[in-house]
Number of protein chains: 2
Amino acid sequence: MVAKPLSVCENPAPKEASKIIEEAISRRKALIIIGSCWVDYHGRASSSLELGERILMIKEDGSLLVHRSVGYEPVNWQPPGCIFQTGVTGDVLSIRALRRKPREALKIYFDKIYLVSALSLADEGKFSLHASEEDMQKAILAQPSLVEKGLKLITYEKKVEPGFVDVYGVDEDGRMVIIEIKRKTAGREAALQLARYADSVKKSTTREVRGILVAPKVARGVQKLLTALGLDFKQLDPRKCAEILGRSETKGLREFL
Amino acid sequence: MVAKPLSVCENPAPKEASKIIEEAISRRKALIIIGSCWVDYHGRASSSLELGERILMIKEDGSLLVHRSVGYEPVNWQPPGCIFQTGVTGDVLSIRALRRKPREALKIYFDKIYLVSALSLADEGKFSLHASEEDMQKAILAQPSLVEKGLKLITYEKKVEPGFVDVYGVDEDGRMVIIEIKRKTAGREAALQLARYADSVKKSTTREVRGILVAPKVARGVQKLLTALGLDFKQLDPRKCAEILGRSETKGLREFL
DNA sequence: GAGTGGATTTCGCAT
DNA sequence: ATGCGAAGTCCACTC
């Protein structure tokens, strides 16, 4: 028999809420607390949030999220690894989440608590993600012709002076090729970064060096910038790369690596 | 009298859960659903998440978060603006969150539902944050001597070729000064970016040009890089800037702006 | 432990 | 709409 996945307590008194919360934290349970609160944060920056109704989530790893009724992001939070302290002063429940490295403190004060729920979530499910920049790189390694006919790859993530080159190879005319991969629209930064890499490589070889920006699209004006910098552009969709990997992942790539 | 801030339903049947969820979404309420589910996502990338117990949050603005029992970040999500569809197939409740621009779809399938809670959160509280890069810029504008004695500022957010210079001025010897501000440890990128801007400005003037990197700290090796590039560094803490703004925000800054 | 760069980044601002 | 850069970014990975 499995432990009950959750307990629910509506409209608890502050003392009762505090008891549930401390118990849950000590037993490594997750918590959801809904109520009216204000929040102060001091650490890498400082912030204050005035009174309002919010959702507080405390997780098993000691992370904490304060969510408003709108927005993808929490308005306040604490990354994993917090130490928690709770206290009751009058009718106010306070929760402190402290972190070292960096030293930062988040304090929440509830003047009304509508719900406290302690959770024991059983979750062993695997998460898998496709069509990342890494997938694009793998697809290109498995099938260099995606970038250019006759292209031969030498190394990947080759380290040159100021940073990394995503992929590094030789074209059919024997020129060195540096490839910068972006999984979404490439902006000015990507072009300038590639130009820097290319310059850096040029300094260390007498051979001709080409830079190719691989991305699904370039931002407005960047094509012109690429031309001015003497760089090439090859359009490539990350989703197409994911498809290619799905079909041929076991073929060429393993050999290459 | 205010509306009841939340309703709670434990262990609902799929049909019942579906009804509550649709009702809540149509009334622009937020939702918390806890249960055992699997998740598929297709859009900017693709992902799949196997069966496990999680917390689903749907917000009033049509954003959606799937949280596991650990981690600051949601394992799956959808930004604000979704359209939702629910359905029941056998004992499975499905929730679809669709988005245009970009076109992406997230599908959640619950085979067990422990809790459904619909929330009407009243939250008008102001959020304020201090010690951002913007605060550093404001502090420098209000008090240029923070960077250097005798420094006179001309403008800020000045457009130069590849981007924007944070602050732009003249030092006590009449040399042009461009300032790049970082609120935390400045890395190689910051130094190279400033160098690019400095080069760009040098090309458009015959006057001497200095670049100053303002940050609480520079990363290892970056000081050497700055020297090599002929750039200066001025240590400045964002928290000190926030203090200065707190004391003197109404003094020099308003005049400058 | 620090540094570096990607992310389904999100978010806000300016063009 | 698109582009661009900051973020208390978080996160994984390398040195």
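The basis for the numbers below is simple: all heavy atoms, side chains too, and nothing from hydrogens, waters or symmetry mates. Since the model is a prediction, treat every value here as computed from it, not as a measurement. Labels below follow one simple rule: chain letters A, B, ... track the order of the sequence lines, proteins then strands, and each chain is numbered from 1.
Atoms CZ (Arg183(B)) and P (dG5(D)) sit 18 Å apart, rounded to a whole Å. If you measure from atom CZ of Arg188(A) to atom P of dA6(D), you get 14 Å, rounded to the nearest angstrom. Rounded to an integer number of Å, the gap from Glu134(B) CD to dG8(D) C1' is 15 Å. Whole-Å rounding puts the Phe127(A) CZ to dA7(C) C1' distance at 11 Å. For the pair Leu129(B) CG and dT9(D) C1', the computed distance is 12 Å after rounding to whole Å. Rounding to whole angstrom units, CG of residue Asn76(B) and C1' of dA7(C) are separated by 14 Å. We find that CG of Asp61(A) is positioned 13 Å from C1' of dC11(D), with the value rounded to whole Å. Here dG8(D) presents its P atom at 15 Å from CG of Asp237(B), a figure rounded to the nearest Å.
Annotation: of the two residues near DNA chain C, Val75(B) and Lys101(A), the 5′-most nearest-nucleotide partner is Lys101(A). Along DNA chain D, the nucleotide nearest to Ala45(A) and the one nearest to Ala186(A) differ in position, and the one closer to the 5' end is contacted by Ala186(A).
DNA chain C is contacted by Ala219(B), Arg220(B) of residues 210-230 of chain B, taking any non-hydrogen atom closer than 4.0 Å.
Side-chain atoms of Arg68(A) do not come within 3.5 Å of backbone N or O of Val75(A) as any donor-acceptor pair. A donor-acceptor pair is defined here as one N or O able to donate and one able to accept, closer than 3.5 Å; no such pair exists between the side chain of Lys126(A) and the backbone of Glu50(B).
Taking Asp237(B) as the reference, nothing meets the side-chain hydrogen bond (donor to acceptor under 3.5 Å, both in side chains) condition, with sequence neighbours excluded. For Lys182(B), the salt bridge (Lys or Arg N to Asp or Glu O under 4.0 Å) partners at least two apart in sequence or on another chain are Glu180(B).
Among the protein residues, Ile181(A) comes within range of no part of the nucleic acid, since none of its heavy atoms lies under 4.0 Å from any strand. Gly43(B) comes within 4.0 angstrom of no nucleic acid atom, judged by non-hydrogen atoms across all strands. Ser46(B) comes within 4.0 angstrom of no nucleic acid atom, judged by non-hydrogen atoms across all strands. As judged by a 4.0 angstrom heavy-atom cut-off over every strand, Ser47(A) is placed among residues making no nucleic acid contact.
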- Query: For nucleotides 10-15 of chain C, read 5' to 3', which letter fits each nucleotide if B means a protein heavy atom sits under 4.0 Å from the base, S means only the sugar-phosphate is that close, and - means neither?
  - Reply: BS----

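For residues 33-47 of chain A, the side chain to side chain donor-acceptor pair (under 3.5 Å) pairs, not counting sequence neighbours, are Ser36(A)-Asp111(A), Tyr41(A)-Glu104(A), His42(A)-Ser46(A), Arg44(A)-Glu104(A), Ser47(A)-Asn76(A). Applying the salt bridge (Lys or Arg N to Asp or Glu O under 4.0 Å) definition to pairs two or more places apart or across chains, those involving residues 209-232 of chain B are Glu148(B)-Arg210(B), Asp171(B)-Arg210(B), Arg210(B)-Asp232(B).
Between Glu243(A) and Arg239(A) there is no salt bridge, since none of the side-chain N atoms of the basic residue sits less than 4.0 Å from a carboxylate O of the acidic one.
The shortest side-chain heavy-atom distance between Ile108(B) and Ile33(B) does not fall under the 4.5 Å cut-off.
Taking atom C1' in both dT9(D) and dG5(D), one finds a spacing of 13 Å when rounded to whole Å. Across the P atoms, dT4(C) and dT8(C) are found 23 Å apart, a figure rounded to whole Å.
Distance from the side chain of Tyr197(B) is smallest to dG5(D) among dT8(C), dA2(C), dG5(D).
Atom CD of Glu133(A) is surrounded by more than 12 heavy atoms from other residues, nucleotides or ligands within 6.0 Å.
Between the CG atom of Leu121(B) and the CD atom of Glu60(B) there is a distance of 6.0 Å, given to the nearest 0.5 Å.
Between Lys182(B) and dA6(D) there is a side-chain polar atom (N or O) within less than 4.0 angstrom of OP1 or OP2.
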